[in-house]
Amino acid sequence: MSQQAQRHEMTTKPVVYRLAEMDAVKVRRDVVYQTTEAGVLTMDLYYPPDPKSQAAPAVIIVAGYPDGGFERMLGCKFKEMASSVSWGQLAAASGIVAVTYANREPVTDLARLLEYLRQNAGDLGIDPSRIALWASSGNVPLALATLMQPEARDYVKCGVLCYGLTLDLDGGTGVAEAARMFGFANPCAGKTVRDLPQDLPLFVARAGQDAPQLNEALDRFLSQAIACNLPITFANHPTGPHAFDLMQDSETSHEIIRQVLAFLKFHLREH
């Protein structure tokens, strides 16, 4: 059986919104960012079709699942999913270098990736002071934990969280239970909204038809974030299922995707 035939159908679904410039995006594949006794880990970089003379901002598409488990579950690495590829193309078509990557240990490998990007920013053509994190679903806890790190506050300018598992607040246990069931990293266990930087812009997209347990945690997160007066941009898709950016080709889905891209462009602009 071919690798393609073994892949879960979900891995073949691209984002339902397109930009004409996506077809002209330049891709550097399998750039090594870490070498260990277990082998190398690589990343793919999606570059704007017409790069400017100055370094471009970058967005990392966060992988919260270890690739070993992800491949066993869905048949490919996270960076090989059509969704990761098409979000990378969308970001690059919007003037932002997008980074997707392979991993073994989600928490430490994301930290190492960020370190590599900043240390090699000149060769990679990115601005090390203008980085964003984009995460969806079970990848969100790792993004949140990274956004909470004091050392990230100098260069991570914003975060996008799409229909995600967030934090177990007010005695909730749904995120921890889902992490145990599905195998994603949950390094912000025990953290609260107050552990996030007070001035870090976040875009939160909610799927109105998502699993009740997921939205219960997300709704508590949003309520507390607003109570703390965090700079939250919120988009609710009332009829959207989980992964509506892949699963529902509607104008509402398109509009929220456009909002995400506009949010990234605004907060990663040069000052």
To the nearest 0.5 Å, how far apart are OG in Ser137 and CG in Asp210? 7.5 Å
Nearest-0.5 Å distance, CD of residue Glu270 to CG of residue Leu268: 11.0 Å
Taking the side chain from Ser253 and the backbone from Asp249, do they hold a donor-acceptor pair closer than 3.5 Å? no
To the nearest 0.5 angstrom, please state how far the CE atom of Met10 sits from the NE2 atom of His242. 6.5 Å
Does CD in Gln119 sit with more than 12 non-hydrogen atoms of other residues, nucleotides or ligands closer than 6.0 Å? yes
If only atom types and distance count, is the side chain of Ser94 paired as donor or acceptor with the main-chain N or O of Leu90 below 3.5 Å? yes
Could you check whether the rings of Phe70 and Phe78 sit parallel, tilted or perpendicular, using 30° and 60° as the cut-offs? perpendicular
Are Asp44 and Val31 close enough that some pair of their side-chain heavy atoms sits under 4.5 Å apart? no
Given side chains that start at C-beta, do those of Leu222 and Thr166 come closer than 4.5 Å, heavy atoms only? no
Check whether Trp134 and Phe184 end up in the same hydrophobic cluster, where Ile, Leu, Val, Met, Phe, Trp and Tyr are linked by side-chain heavy atoms less than 4.5 Å apart. yes
Looking at Lys79 and Asp67, does any basic side-chain N land under 4.0 Å from a carboxylate oxygen? no
Main-chain N/O of Pro238 paired to Gln209 side chain as donor or acceptor, under 3.5 Å: yes
N/O donor-acceptor pair under 3.5 Å between Tyr101 side chain and Ala63 backbone: yes
Below 4.5 Å, heavy atoms only, C-beta onward: do Trp87 and Leu261 meet side chain to side chain? yes
Donor-acceptor contact below 3.5 Å, side chain Asp168 vs main chain Gly190: no
Check whether Ser86 reaches the backbone of Val15 with its side chain - one donor and one acceptor, N or O, closer than 3.5 Å. yes
To the nearest 0.5 Å, tell me how far Leu202 CG sits from Cys158 SG. 8.5 Å
Any donor-acceptor N/O pair, Asn215 side chain to Ala207 backbone, under 3.5 Å: yes
Does any part of the side chain of Met43, heavy atoms only, come nearer than 4.5 Å to the side chain of Leu117, both counted from C-beta? yes
Counting neighbours of CZ on Arg153 that are heavy atoms of other residues, nucleotides or ligands and sit closer than 6.0 Å, is the number greater than 12? yes
Do Asp245 and Tyr163 meet the criterion of a side-chain donor-acceptor pair at a distance under 3.5 Å? yes
Side chains of Ser129 and Asp127: do they bring a donor and an acceptor to under 3.5 Å? yes
Cation-pi geometry met for Arg269 and Phe266 (6.0 Å, 45°): yes
Under 4.0 Å between a side-chain nitrogen and a carboxylate oxygen: does that hold for Arg258 and Glu251? yes
So, taking the atom named CG in Leu165 and the one named CG in Leu142, what distance separates them when rounded to the nearest 0.5 Å? 12.5 Å
Do side-chain atoms of Arg7 reach the backbone of Gly75 as a donor and acceptor pair under 3.5 angstrom? no
Looking at Asn229, I'd like to know if its CG atom is crowded, meaning that more than 12 non-hydrogen atoms belonging to other residues, nucleotides or ligands lie closer than 6.0 Å. no
Under a 4.5 Å cut-off applied to non-hydrogen side-chain atoms, are Asp170 and Gln224 in contact? yes
Flag the pair Thr192 / Asp195 as yes when at least one side-chain heavy-atom distance between them is below 4.5 Å, and no otherwise. yes
When you measure from the side chain of Lys157 to the backbone of Ile131, do you find a donor-acceptor pair of N or O atoms at a distance under 3.5 Å? no
Test applied, side chain to side chain donor-acceptor pair (under 3.5 Å); reference residue, Gln34; option that passes from Asp109, Asn103, Thr42, Thr108: Asp109
Looking at Gln248 and Thr239, would you say the former's side chain and the latter's main chain have a donor-acceptor pair under 3.5 Å? yes
Give me the ring orientation class for Tyr17 and His254: parallel if the planes are under 30° apart, tilted from 30 to 60°, perpendicular past 60°. tilted
Residue pair Lys191 / Leu196, side-chain heavy-atom distance below 4.5 Å: no
Taken to the nearest 0.5 Å, the spacing of Leu133 CG from Thr146 OG1 works out to 6.0 Å
Flag the pair Pro48 / Val97 as yes when at least one side-chain heavy-atom distance between them is below 4.5 Å, and no otherwise. yes
